[in-house]
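Below: the structure, in structure tokens.
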Amino acid sequence: MLNFTFHNPTRILFGEGQIAEIAQEIPAGARVLITYGGGSVVKTGTLDEVKRALKDFTVLEFAGIEPNPTYETLMKAVELARSERVDFLLAVGGGSVIDGTKFIAAAVPFTGEPWDILAKQAPISEALPFGSVLTLPATGSEMNGGSVVTRKATQDKLFFVNPLVYPRFSVLDPTKTYTLPPRQVANGVVDAFTHIAEQYLTYPADAKVQDRFAEGLLLTLIEEGPKALAEPENYAVRANLMWTATLALNGLIGAGAPQDWATHMLGHEITALHGLDHAQTLAIVLPAMLQVRREEKRAKLLQYAERVWGLREGDEEARIDGAIAQTRDFFESLQVPTHLSSYGIGAEAIAPLLAKLEAHGMTALGEHQDVGLERSRAVYALAV
Ligand code: NZQ
Ligand code: ZN
């Protein structure tokens with residue numbers, strides 16, 4: 001097992017009705033800015049429920065944080081938070097709203113150009129405290145210190161990670177996910193699945209409980225994902241899905257284990273240039289990535305084939321082929337297509353994607369830092 005330091009400070013309020021408890025998590029007298037997206041939380045009544053819980057606070061609102069949140073929009077919230085002397089943020093929505101709120105939290109007290117937090121990994125020394133009410137199980141943003149923001153003007157989708165931007169608390173009420181469109185439910189399953197793959201499908205490091213934990217989460221997604229689509233208001237299914245997605249990227253399974261993340265980096269460029277949903281890009285890239293890197297991932301792919309997909313027959317190559325095929329079939333079964341061409345994108349897209357990877361310094365990716373531009377080209381080519 002690799003050395004690690006693990007600390008996760010986010011308090012989780014899990015279950016139906018937990019929004020009512022948030023007032024106890026926010027300092028008395030705080031001026032709270034509620035941030036949300038394109039209006040789903042207005043339609044579903046979640047915003048009203050949050051406002052009722054905050055009746056004793058001064059509350060302001062910022063709407064319109066888009067999927068793949070943009071710097072351009074978020075900077076308007078930064079101005080509002082500064083001018084209104086906001087001292088607590090509350091994100092109500094999916095990963096985009098939470099990620100956007102993390103950027104706002106870091107940018108408000110930042111003295112330079114906030115884009116540098118992403119583009120130059122400029123250090124931050126403080127951030128506004130914030131909480132979240134999650135409405136879409138997928139990203140794990142509700143219990144981690146990562147944030148991904150897009151600059152629309154330049155089509156750059158970049159991330160920053162900082163312990164100062166863990167949410168103070170997150171409400172995970174599975175009933176708040178009943179209204180999700182099937183596409184977003186499926187996206188959530190694919191995103192969580194890929195987060196686990198990025199931390200599990202690398203090389204053996206004798207991290208036994210992390211491996212078995214990862215396998216348990218993958219099996220749960222395979223069991224519950226299709227049910228979540230078939231029975232949108234099945235509380236038990238939504239509860240399991242929600243907690244699985246959180247555990248997939250809250251640091252637990254990655255502690256002491258090698259991590260990859262090349263699939264995410266290649267996927268981010270596809271979203272930035274072509275606007276696909278985050279999870280759609282992962283469904284495209286992951287099967288191709290596993291195929292191109294099957295040699296260095298051999299031992300873990302065989303373990304994955306056996307323990308997750310029950311593949312014990314045939315030689316090693318056949319079992320690895322089987323595991324990659326099952327992964328692709330699972331994504332397709334959720335109606336998330338796994339080829340660029342299914343989204344109308346052809347081989348002509350590869351050169352611009354590689355140019356963006358290069359511009360972003362993404363030239364030594366993966367658990368061995370050996371995924372350079374040529375291997376990324378092979379992955380994109382296989383993904384067409
Ligand atoms: O904007 P509204 O109107 O709220 O609608 C949203 C949005 O259109 C809708 N939605 C959310 N909850 C709903 C709902 N509709 C009905 N009922 C509900 N309960 O769903 C749409 C997508 O929302 P979004 O927040 O964009 O999705 P997701 O949670 O998948 O977040 C994706 C973003 O997270 C980043 C991605 O790159 C992408 O920008 N990621 C963040 C990570 C992190 N912080 O650790 C890790 C991930 O790998 C990922 O990169
Ligand atoms: Zn992801």
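Values below: all heavy atoms of this structure, side chains included; hydrogens, waters and symmetry mates excluded. Both counts, for ligands and for their atoms, begin at 1 and track the order of listing. Along the sequence shown, the residues carry numbers beginning at 1.
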Asp99 heavy atoms, cut-off 4.0 Å: which ligand 1 atoms fall inside?
34 (O), 35 (C), 40 (N), 41 (C), 42 (C), 43 (C), 44 (N)

Is Glu317 paired with Arg294 through a side-chain N to carboxylate O contact shorter than 4.0 Å?
yes

For atom 4 (O) of ligand 1, the protein heavy atom that lies nearest, with its residue and separation
Ser40 OG, 2.7 Å

Which residue and atom name correspond to the protein heavy atom nearest atom 8 (O) of ligand 1, and how close is it?
Pro67 CG, 3.8 Å

Answer with yes or no whether Lys43 contacts ligand 1, where contact means a heavy atom under 4.0 Å from a ligand atom.
no

Have a look at the Zn ion (ligand 2) and estimate, to 10 degrees, the angle subtended by OD1 (Asp191) and NE2 (His195).
80°

I need the contact type for Asn144 against ligand 1. Using non-hydrogen atoms and a strict under-4.0 Å cut-off, is it side chain, backbone, both or neither?
side chain

Centroid separation under 6.0 Å, is that true for the rings of Phe193 and Phe330?
yes

Those atoms of ligand 1 less than 4.0 Å from some heavy atom in Thr179:
16 (C), 17 (N), 18 (C), 19 (N)

Can you report which non-hydrogen protein atom sits closest to atom 26 (O) of ligand 1, along with the distance?
Ser96 OG, 2.5 Å

Check for me whether Pro69 has a heavy atom closer than 4.0 Å to any atom of ligand 1.
yes

Quick one: does ligand 1 sit under 4.0 Å from the side chain of His264, the backbone, both or neither, non-hydrogen atoms only?
side chain

Would a line drawn from the ring center of Phe57 to the ring center of Phe88 be shorter than 6.0 Å?
no

Below 4.0 angstrom from a heavy atom of Asp191, which ligand 1 atoms are there? Numbered from 1 as shown, please.
47 (C), 48 (O)

Which value, rounded to 10°, describes the NE2(His264)-the Zn ion (ligand 2)-NE2(His278) angle?
100°

For a ring-ring contact (aromatic ring centres under 6.0 Å, His included) check, start with the C-alpha distance between His360 and His268, then their side-chain angles and the critical distance, and finish with the verdict.
CA-CA 11 Å; His360 296 146; His268 285 173; 9.8 Å; no

Shortest protein contact, atom 38 (C) of ligand 1 (heavy atom only)
Asn68 OD1, 3.5 Å

For atom 1 (O) of ligand 1, what is the closest protein heavy atom, and at what distance to 0.1 Å?
Gly38 N, 2.7 Å

Go through ligand 1 atom by atom and flag the ones less than 4.0 Å from a non-hydrogen atom of Lys157.
36 (C), 37 (O), 38 (C), 39 (O)

Just let me know how Pro181 lines up against ligand 1, side chain, backbone, both or neither, with a heavy-atom cut-off below 4.0 Å.
side chain

Check whether the ring centres of His264 and Phe159 lie less than 6.0 Å apart, and answer yes or no.
no

Which protein heavy atom lies closest to atom 27 (O) of ligand 1, and at what distance to 0.1 Å?
Leu136 CD1, 3.3 Å

Would you mind checking if Asp260 and Lys297 are paired as a salt bridge, meaning a charged N to carboxylate O distance below 4.0 Å?
yes

Suppose I only count heavy atoms of Gly39 and a 4.0 Å limit; which atoms of ligand 1 are within that range?
3 (O)

Do His368 and Tyr203 pass the ring-ring contact (aromatic ring centres under 6.0 Å, His included) test, and can you show the C-alpha distance, the side-chain angles, and the key distance before you say yes or no?
CA-CA 10 Å; His368 300 293; Tyr203 56 87; 4.9 Å; yes

For Arg82, I'd like to know if atom CZ has over 12 heavy atoms of other residues, nucleotides or ligands within 6.0 Å.
yes

